[in-house]
Amino acid sequence: GSNVLRMSSGIQMKSKTAAQKSKTSPLPCSLEPSIKPQPKPSDKLNPKTIDPFGVYSQPSSAFVSTYAKGGIPCRLVHGSVKHKLQWECLPEAVPFDPLLVTLAEGLRETRHPYTFVSKEGFKELLLVEGATEKATPLLPRLVPVLKATLAHKDDEVFERGLDALVQLSAVVGPSLNDHLKHLLTNLSRRLMEKKFREKVTVTLQTLEQYGGKATAAIIKSKIPTYCSI
């Protein structure tokens, strides 16, 4: 009888030990690829990080996907007073096509660091020597992107769109006139909002300043109440 007890207790011990081992043993190799390592906090600003905001982030836009793959040749540098961009090479050497369009698409982002990189990158690229010759051929692709930015419901996105439009107008001048009508509907809509009335008016006057008399006529055809400078 004692032998039977020892055998049964031994079987129980073995089965208990096996159960414990099964809990701590590694998963089969076929399942291991499905386990993704958690991103480190330092990865959040790393452009090589595929999904810097975790598994619950929104679907990636074209800009975010490009940024994640390292396709934006500049990165955010944190300063003690203000942030700045650091380019991997001189902005003068960077091809405008497609980078300027990609940066314009990034103006619709609402998350850091994408908001800063797109806004500052767009501005700095338009400041390089020869920007007029490089940006003008891209207008048919830039204007629809800016139109979407100006139609965005987020106020900060809309303001970034206004700033970008003024910067582009300063560079391409009258060349923007052929595309201007596509942007005026959204500007006219915001002109009716008290908080944006002054800024939109200044933007329209700046467009006229860089575009000439033809610009004033185009604006008045869409916004009859516009007062020319």
Side-chain angles (χ1 to χ4, degrees), residues 61-63 66 72 74 85 91-109 115-193 195-229:
S61 64
F63 178 82
T66 305
I72 309 294
C74 55
L85 283 186
E92 290 83 352
V94 177
F96 271 43
D97 188 3
L99 184 59
L100 190 65
V101 179
T102 305
L103 289 167
E105 288 172 345
L107 295 171
R108 297 198 301 275
E109 297 296 330
T115 49
F116 182 86
V117 172
S118 57
K119 179 181 178 178
E120 195 64 23
F122 187 85
K123 182 177 78 173
E124 291 186 16
L125 210 54
L126 286 177
L127 290 174
V128 304
E129 189 176 347
T132 302
E133 292 75 18
K134 295 176 181 179
T136 302
L138 297 176
L139 285 174
R141 288 155 61 194
L142 281 170
V143 169
V145 175
L146 289 179
K147 180 181 177 181
T149 306
L150 293 170
H152 203 284
K153 60 183 180 181
D154 187 286
D155 288 350
E156 290 184 6
V157 171
F158 173 71
E159 289 191 85
R160 283 197 291 274
L162 284 182
D163 292 338
L165 179 58
V166 168
Q167 291 156 10
L168 185 64
S169 175
V171 170
V172 301
S175 296
L176 187 61
N177 286 341
D178 292 338
H179 311 273
L180 195 55
K181 61 182 180 180
H182 301 296
L183 303 169
L184 292 174
T185 301
N186 292 322
L187 292 179
S188 175
R189 190 179 296 122
R190 289 285 191 155
L191 193 59
M192 298 183 186
E193 296 181 30
K195 60 182 174 181
F196 286 120
R197 191 172 299 152
E198 184 178 350
K199 185 156 188 176
V200 171
T201 300
V202 170
T203 297
L204 292 170
Q205 290 174 341
T206 307
L207 293 177
E208 181 187 349
Q209 179 187 340
Y210 291 125
K213 289 183 179 179
T215 305
I218 295 168
I219 295 173
K220 275 187 172 292
S221 70
K222 292 285 184 180
I223 308 174
T225 56
Y226 172 69
C227 295
S228 178
I229 52 175

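- Residues forming a salt bridge (Lys or Arg N to Asp or Glu O under 4.0 Å) with E208 (at least two apart in sequence, or on another chain): none.
- E109 and S61 form a side-chain donor-acceptor contact under 3.5 Å, judged by distance and modelled atom types alone.
- Proximity of a side-chain donor or acceptor of T132 to a complementary backbone N or O of V171 within less than 3.5 Å is detected.
- Here the options are T115, D154, V145, the test is side chain to side chain contact (heavy atoms under 4.5 Å, CB included), and the partner is R108; only V145 passes.
- At least one side-chain heavy atom of H179 sits less than 4.5 Å from a side-chain heavy atom of P140.
- Every residue two or more places apart in sequence or in another chain that forms a ring pair (Phe, Tyr, Trp, His ring centres under 6.0 Å) with F158 is listed here: F196.
- Between the CG atom in L191 and the CZ atom in R189 there is a gap of 12.0 Å [rounded to 0.5 Å].
- A donor-acceptor pair under 3.5 Å is formed between the side chain of T206 and the backbone N or O of V202.
- Note that CG of L146 and CZ of F122 are 5.5 Å apart. Values are rounded to the nearest 0.5 Å.
- The salt bridge (Lys or Arg N to Asp or Glu O under 4.0 Å) analysis of residues 125-149, with sequence neighbours excluded, yields the pairs D97-R141.
- Residues L184 and L204 meet the side-chain proximity criterion, which asks for heavy atoms closer than 4.5 Å.
- With sequence neighbours excluded, no residue satisfies side-chain hydrogen bond (donor to acceptor under 3.5 Å, both in side chains) with T203.
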* To do: May I have the step-by-step check of side chain to side chain contact (heavy atoms under 4.5 Å, CB included) for D178 and L139, ending in yes or no?
  => CA-CA 9 Å; D178 292 338; L139 285 174; over 6 Å; no
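- The closest side-chain heavy-atom distance from L99 to L103 is below 4.5 Å.
- In this structure, L85 and F116 have side chains that are in contact, with non-hydrogen atoms separated by less than 4.5 Å.
- Counted within 6.0 Å of NZ on K220, heavy atoms from surrounding residues, nucleotides or ligands total more than 12; the atom is thus considered enclosed.
- Judged as a ring pair (Phe, Tyr, Trp, His ring centres under 6.0 Å), and not counting sequence neighbours, F96 has no contacts.
- Screening residues 195-206 for salt bridge (Lys or Arg N to Asp or Glu O under 4.0 Å) gives D155-K195, E159-K199, D163-K199 as the qualifying pairs, with residues at least two apart or on separate chains.
- Here L183 contributes atom CG and L176 contributes atom CG; the two are 6.5 Å apart, rounded to the nearest 0.5 Å.
- Of the possible polar contacts, one joining the T102 side chain to the P98 backbone as a donor-acceptor pair under 3.5 Å is found.
- With contacts defined as side-chain heavy-atom distances shorter than 4.5 Å, the pair T215/Y210 does not qualify.
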